[in-house]
Each structure stands twice: as structure tokens, then as C-alpha cells.
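Here's the structure, in C-alpha cells; my notes come after.
All ligand and atom numbering here is 1-based and tracks the order in the structure.
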Amino acid sequence: MLGTFSINDKLGKRLVVILKGFPCSWGRCSFCPFAIERSFNMRDVIFTNRRIINEALKTLEKEDHKRIAVFNGSSFHELPYDTIERLRELAKRRIFEIESRSEYINISSIEALLSYYEPEKLIIRIGFEVYDEKIRENLLNKGMPNTELQRIYRLKNEVKELGLPIEFWVYVLFGIEYIPEEKVIESIKVLKRCLMV
Ligand code: SF4
């Protein structure tokens, strides 16, 4: 569902902003759940997102939220520039969460995001889905092999050494027949240890 939602849970109070995006440039995952959030129409994407971001700004005028979580059903980096620009006011000096495929994430793109948005902290969510590479690549068709996982692991250590205000979060998929429960449990343990701690 598109729009803005104020949520108060164990992560604290945050404003969730669900934007419209273009179809994901990868577009081959066998389980891809995103349909409503997408459009091929640039005008539709831009004007829908302007409306949602304005709604978010009005909410913040009434009640500040120190944490903003943006979802767009694919990668943040594939949003149109008009949307990227309008999110600046939301992100500045707040904890700013985005989601992205791993190929967009490197030290240059991280530094560019930090410099452009000036967030207190940037949280990047990546959908590795499952630790088992055969399931991820052959059954889910994710297009993110373990070499990507290893690269993001090294990047996590690099940003830590540089003292950049970055956290990586990982999506783990569960509840679908391709992934047995023990693989879900393994994924949570290993991916949390590699990327989130
Ligand atoms: S990367 Fe995400 S948005 Fe793109 S096809 Fe896969 S599940 Fe869908």
C-alpha cells in the first residue's frame, strides 16, 4: 500500500514512506511481491511520489519523527531524480532508511548519499533473502551471488573503520515452499552475524 504511516514499535517511532517506483531493473526474482508499487509511467511515478512526500512533510510538521523509512518496491537508486531530491527535507538530521539491491552499494554511492542527505544515520536494507547460495540463485533467481555477500561484508567493515554513520540490514525470506525452516534459521544467524553486528 502506498502512502505514509506513523509506526511506533520496538524500533521506536518512525515514519514509513511507501513510494511508487519503476519496475525493478533486475525484475527476475521468482518470488517478487511488488506490483502495486510500480508504474512504467514517469508522470505517474513523479506525481504520486510528490503527493506522498508532501503528506509526509505535513505529518512531520504536526509531529516530528526522528526516523524515516523509505520503501519503493525495488532499489532506492532507481527512483526518479525528482523524488530523490524531494526526500532531502525528510532525511536531513534524521535516521534515514532505504532499500537497495547490492550492486548499487559501494563506498562512493554511500558517501554520495551521506553528503546529499546529511542524515544522522543511514540504514541500507538489502534483500539477500537466504544464506544458501543455491536456493538464492537457482530457485529465487535473485542475481546476488555469495561474492556480493562477501563484498558487502568487506564494505561494512570499511565504513566502520571510516566511522561513517551506516548500518546494513538484511531481508530474510520465509514462509515460501522453496525455503525450508532450517535454512531460514541459518540465514538469520549467519546474515545477522556477517552484516548487521
Ligand atoms: S530485486 Fe526485489 S524488486 Fe527486483 S525483482 Fe527481485 S524482489 Fe522484485
Side-chain angles (χ1 to χ4, degrees), residues 1-5 14 16-49 52-53 68-84 86-87 96-106 108-110 112-113 122-156 166-181 183-188 190-192 194-196:
M1 190 193 295
L2 301 172
T4 62
F5 307 89
R14 65 206 152 106
V16 173
V17 180
I18 305 181
L19 298 172
K20 189 166 260 193
F22 300 113
C24 162
S25 62
W26 173 250
R28 280 172 254 173
C29 298
S30 55
F31 65 96
C32 185
F34 304 111
I36 302 169
E37 293 90 351
R38 301 179 160 172
S39 172
F40 283 99
N41 183 322
M42 171 80 85
R43 243 184 111 70
D44 179 25
V45 173
I46 286 177
F47 283 95
T48 302
N49 289 348
I52 294 169
I53 292 168
I68 308 288
V70 174
F71 295 81
N72 61 288
S74 63
S75 291
F76 181 85
H77 300 77
E78 294 180 356
L79 283 167
Y81 183 69
D82 188 86
T83 304
I84 298 270
R86 281 163 201 272
L87 286 166
F96 188 49
E97 293 180 37
I98 62 170
E99 58 187 354
S100 178
R101 281 185 60 85
S102 63
E103 59 260 34
Y104 290 109
I105 307 302
N106 55 48
S108 307
S109 68
I110 284 175
L113 285 168
L122 180 66
I123 296 176
I124 301 172
R125 295 182 248 103
I126 303 175
F128 278 107
E129 321 297 352
V130 60
Y131 178 62
D132 187 305
E133 188 179 36
K134 283 197 185 120
I135 297 178
R136 187 179 341 106
E137 293 307 282
N138 300 342
L139 295 175
L140 302 181
N141 204 23
K142 187 74 197 186
M144 283 164 55
N146 274 2
T147 49
E148 271 300 88
L149 191 51
Q150 288 148 9
R151 187 181 67 79
I152 297 293
Y153 171 70
R154 289 193 298 275
L155 185 61
K156 181 201 82 166
I166 299 288
E167 269 180 32
F168 291 107
W169 288 17
V170 180
Y171 295 137
V172 170
L173 202 56
F174 65 94
I176 65 171
E177 62 179 320
Y178 299 144
I179 311 179
E181 196 178 330
K183 291 291 175 187
V184 175
I185 293 167
E186 176 193 63
S187 303
I188 292 169
V190 179
L191 293 172
K192 188 173 176 197
C194 288
L195 297 180
M196 295 178 67

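For OH of Tyr131, the number of neighbouring non-hydrogen atoms (other residues, nucleotides, ligands) closer than 6.0 Å is 12 at most. Atom CZ of Phe71 sits in a crowded spot, with more than 12 heavy atoms from other residues, nucleotides or ligands closer than 6.0 Å.
Taking the six-membered ring where tryptophan is involved, the planes of Phe76 and Phe96 are perpendicular, since the angle between them exceeds 60° and thus also 30°.
Of all atoms in ligand 1, listed by their number and element, those nearer than 4.0 Å to a heavy atom of Gly73 are 3 (S).
For the pair Arg38 and ligand 1, a heavy-atom separation below 4.0 Å is found.
For the side chain to side chain donor-acceptor pair (under 3.5 Å) test, no residue two or more places apart in sequence or in another chain qualifies with Asn141. Partners of Glu133 under the side-chain contact (heavy atoms from CB on, under 4.5 Å) rule, at least two apart in sequence or in another chain, are Arg136, Glu137, Pro145, Asn146. Taking Asp82 as the reference, Arg50, Arg86 meet the salt bridge (Lys or Arg N to Asp or Glu O under 4.0 Å) condition, with sequence neighbours excluded.
Closer than 2.8 Å to atom 6 (Fe) of ligand 1 sit the protein N, O or S atoms Cys29 SG.
With Ser39 as the fixed residue, the side chain to side chain contact (heavy atoms under 4.5 Å, CB included) test singles out one of Thr48, Val45, Ile46: Val45.
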